[in-house]
Student: 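Pasting a structure below so you can have a look.
Letters go in sequence order (proteins before strands), and every chain restarts at 1.
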Amino acid sequence: MKACAAALLVCVAACGQGKAIFNVDVYSYMAGTGKDTIQYFIPPATSDSASTVLKVSLPPGFGSSSVDSVKITTGNADLLNAGGTGSIGFSLYFAADSAGTYTAPAALSIPSTAVSGPDTVAVAITGDLSGIVDSLFKQNVLWVRIQAKGTNGGATLVSGKGVLTALLIRVVLQDKVF
Amino acid sequence: MRIGVVAFALVLLVLAPVRAAHAQFSFDARRFGMGGVSLGRDGSVSRFNPAYRAVKKRSGLNGAPKISIPIPLGLVDFLQQHPLGRLRYDPMFNPDSAGFNPIALMNLITSPPIFYDLKKPPAPTNDVEFTIGKNAFVMDLGQAQVLIPEQEFGLGSTSRVLDIPGPGFAGFHAGVMWFLNYDIGMTLDDSLRRVLKEADSVRANSVYSVRADALGQSGIAPTLSYSGRLTHGAGGADSSDDGVYLGGAAHYYLGAGYARGQGPAGFVTGTPVFGTAPTPLLDDTVWTSNKAFATGFGGDVGVAWISGPFEVGFGVNDIGATLSWSDTKVQRFRYFSAGDSLSTELVANHVPTRTKLPITYVANSAIRMGTGTTVGGDVVNSGRGTVIHVGVEQRYTVFAIRGGVSRDQRKHMQFGFGGGLRFGGLGLDVGFWTHSPSLSEKRAMTMATSISIY
């Protein structure tokens with residue numbers, strides 16, 4: 001595997017002191033699997049959360065590289081609210097394994113968006129993750145948990161689903177393949 | 001891994017100067033100052049054109065030295081920066097080092113540090129951008145895309161490392177030469193070329209490979225040559241060199257050893273592209289000689305015409321040079337993903353095989369004017385593209401200034417200039433020339449220095 005990675009990525013070394021920039025299309029790992037959708041049901045006068053977890057494979061061989069920056073450059077979700085009035089926010093957690101995403105601190109929290117009645121509300125998910133999850137992006141595999149967290153201050157159930165439509169993470173490395 | 005890289009690099013470093021020597025014919029700073037041109041009679045073109053052996057050696061032919069001794073300032077500088085005792089830990093040869101850059105290593109191999117580099121061959125640096133999805137992998141190499149060849153690429157040369165003249169009479173000469181031929185060619189398959197050159201996405205269940213064909217062979221060749229003067233100038237045989245000269249040489253090649261490897265190396269993607277490990281692809285056939293002394297015949301022919309200050313020559317080398325190796329081993333190396341193993345299979349042993357030496361063409365011309373001006377040009381093709389040199393020298397008493405241009409194997413224009421000082425039988429020459437390393441479009445500049453004995 002290492003030989004394969006080296007062959008595939010020898011061109012990275014060819015850029016000498018240049019940088020290796022990775023645009024990781026996280027959404028592509030979710031699309032069509034159902035993991036791009038988080039159902040929410042928030043009883044009156046409570047807060048609740050629901051999550052989706054997925055594994056993202058990265059090119060191997062960057063273990064000795066140093067990470068310059070990690071940013072979500074493109075991220076979009078639609079809140080398809082079926083009923084009730086409340087607010088829904090998103091948090092992203094990154095870890096080296098599935099269980100770790102439940103213990104890691106949130107790498108990014110998107111402020112809550114108000115929803116009311118049957119409606120579709122677009123939410124932008126962007127932010128700078130640099131310094132928080134750098135080391136994870138040097139590994140072959142990382143896990144991402146996207147959590148939808150909602151509050152319901154009303155008297156009726158808030159229900160609906162959050163559907164991710166795009167999530168692109170840009171990682172800039174000082175490359176060192178071998 | 002480290003030892004392998006160091007060993008491979010050092011072997012190539014040893015071979016590379018031979019290639020440079022062949023391309024430029026010598027390590028003479030005068031030659032480099034004139035853009036690499038070989039000036040017929042006073043160059044070393046006689047090694048490649050047997051007709052020149054019939055031309056009388058005249059010392060002091062417009063400032064031509066008897067011997068040029070290179071001053072390897074570059075080698076001294078290189079060994080200071082890269083001590084031999086620490087090569088294994090040297091970032092240049094150590095892939096585990098953060099300072100390791102394979103392009104810089106390849107530049108070193110293709111531009112050996114015999115002479116002092118004023119402007120080192122640049123290792124390309126730029127950002128490389130990847131887009132990774134579940135079923136997509138796009139590599140945008142940016143400016144480094146220019147390094148990805150469209151067609152087969154490689155390096156190769158046939159060198160006459162030593163040409164030892166023996167006794168002769170009536171135009172016939174016997175001698176022995178040591179030949180060295182190597183040729184390494186690589187071709188990217190269409191899918192890999194699109195990925196690297198056009199930033200096309202790596203696709204699921206697809207093959208991406210490089211096909212390599214590398215050959216190396218060396219040996220000696222006892223040679224019997226004839227060269228003679230067909231016509232004389234108006235003043236008779238001894239008054240001048242004027243006339244037409246013909247020459248031919250028959251070589252009986254005795255191969256010392258050879259090896260050849262051929263086949264693809266690459267990988268096959270799974271589904272999805274990321275999430276399944278690509279399977280390495282390796283299915284290569286390697287031929288190696290079990291015994292030395294392959295035999296074969298080949299020949300050179302040449303013609304030269306000298307008229308007053310003007311001369312022109314044309315030589316063809318290694319015509320029909322096919323070596324028959326009587327005892328060869330053929331092995332097949334394959335990678336099997338099941339078990340993650342590399343298998344070696346003996347396909348055949350003690351079987352005969354044949355190899356060829358590529359034909360080399362050399363054409364040259366020069367004119368020596370009475371005013372101390374010498375102008376020359378040559379064209380060389382040794383199977384890996386045509387190289388052209390044109391140069392001029394002007395002498396003023398003890399001073400000489402020189403300049404020249406050349407077109408290298410990759411059709412890049414290169415430039416040379418320099419000068420010299422001569423005091424009696426001793427001279428010092430300095431030549432500057434540009435050259436483009438194999439994996440770079442930019443030019444480097446090197447200063448050659450040599451001592452001339454007249």
Student: Rounded to the nearest 0.5 Å, what separation is found between the CG atom of Asp140(B) and the CD1 atom of Ile21(A)?
Tutor: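 Asp140(B) CG to Ile21(A) CD1: 9.0 Å, rounded to 0.5 Å.
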Student: Answer whether the closest heavy-atom distance between the side chains of Phe130(B) and Val171(A) falls below 4.5 Å.
Tutor: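 Not touching, per the 4.5 Å side-chain cut-off.
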Student: Using 0.5 Å steps for rounding, measure from the CG atom of Asp25(A) to the CG atom of Asn135(B).
Tutor: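 Going from the CG atom of Asp25(A) to the CG atom of Asn135(B) covers 11.0 Å.
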Student: What's the separation between atom CG in Leu54(A) and atom NZ in Lys134(B), rounded to the nearest 0.5 Å?
Tutor: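 Between Leu54(A) CG and Lys134(B) NZ, I get 9.5 Å after rounding to 0.5 Å.
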Student: How close do Ser28(A) and Gly133(B) get, counting heavy atoms only, and between which atoms?
Tutor: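 Minimum heavy-atom separation between Ser28(A) and Gly133(B): OG-CA, 3.1 Å.
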Student: Mark yes when over 12 heavy atoms from residues, nucleotides or ligands other than Tyr27(A) sit less than 6.0 Å from its OH; otherwise mark no.
Tutor: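 Counting other residues, nucleotides and ligands, OH of Tyr27(A) exceeds 12 neighbours.
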